[in-house]
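Everything quoted here is computed from the prediction, not taken from an experiment. The figures here come from the full heavy-atom set of this structure, side chains too, leaving out hydrogens, waters and symmetry mates.
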Amino acid sequence: MKNQECDACKDAKFGIAYIDPETGILCSKIDTGMKLPKGKKVLAPQICTKCGNTSWKTIDNQE
């Protein structure tokens, strides 16, 4: 849920999502160097660097 007092969410960074092998929990982390597959739409987490709010965005990499 978005932190209403956070002013940094608009500057959130994209990351990657993965399943933690020990717990089986879906996790996300900031990864600004990720390479997107060509010709695909990718669902990626956008993570606030201040409050940790995560929203999901579709990136269309149809180049």
Side-chain angles (χ1 to χ4, degrees):
M1 175 177 268
K2 183 175 178 4
N3 181 345
Q4 297 298 327
E5 297 178 14
C6 181
D7 60 349
C9 287
K10 64 184 179 303
D11 298 323
K13 304 215 181 285
F14 279 104
I16 59 170
Y18 62 96
I19 303 293
D20 182 282
E22 293 181 18
T23 64
I25 295 174
L26 176 65
C27 301
S28 59
K29 66 179 181 177
I30 293 174
D31 183 1
T32 56
M34 68 180 176
K35 294 185 181 183
L36 300 175
K38 299 284 184 195
K40 303 281 184 183
K41 289 185 180 181
V42 179
L43 182 63
Q46 196 171 19
I47 307 163
C48 178
T49 57
K50 183 176 179 184
C51 74
N53 178 56
T54 303
S55 58
W56 295 87
K57 304 290 181 188
T58 302
I59 303 170
D60 191 355
N61 196 27
Q62 297 296 322
E63 299 173 357

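Here CG of Asn61 is found 12.5 Å from OG1 of Thr58. Values are rounded to the nearest 0.5 Å. With rounding to the nearest 0.5 angstrom, the OG atom of Ser28 is 9.0 Å from the CD1 atom of Ile16. Taking CD of Gln46 as the reference point, atom OG1 of Thr54 lies at 9.5 Å (rounded to 0.5 Å).
A salt bridge does not link Asp11 with Lys50: none of the charged nitrogens is closer than 4.0 Å to a carboxylate oxygen.
The minimum heavy-atom distance between Lys29 and Ile47, with the atom names listed, is C-CD1, 3.6 Å.
When side chains are defined from C-beta on, Ile25 does not count as touching Ile19, because their heavy atoms never get closer than 4.5 Å.
The only option from Ile30, Asp31, Ile59, Leu36 that meets the side-chain contact (heavy atoms from CB on, under 4.5 Å) definition with Phe14 turns out to be Ile59.
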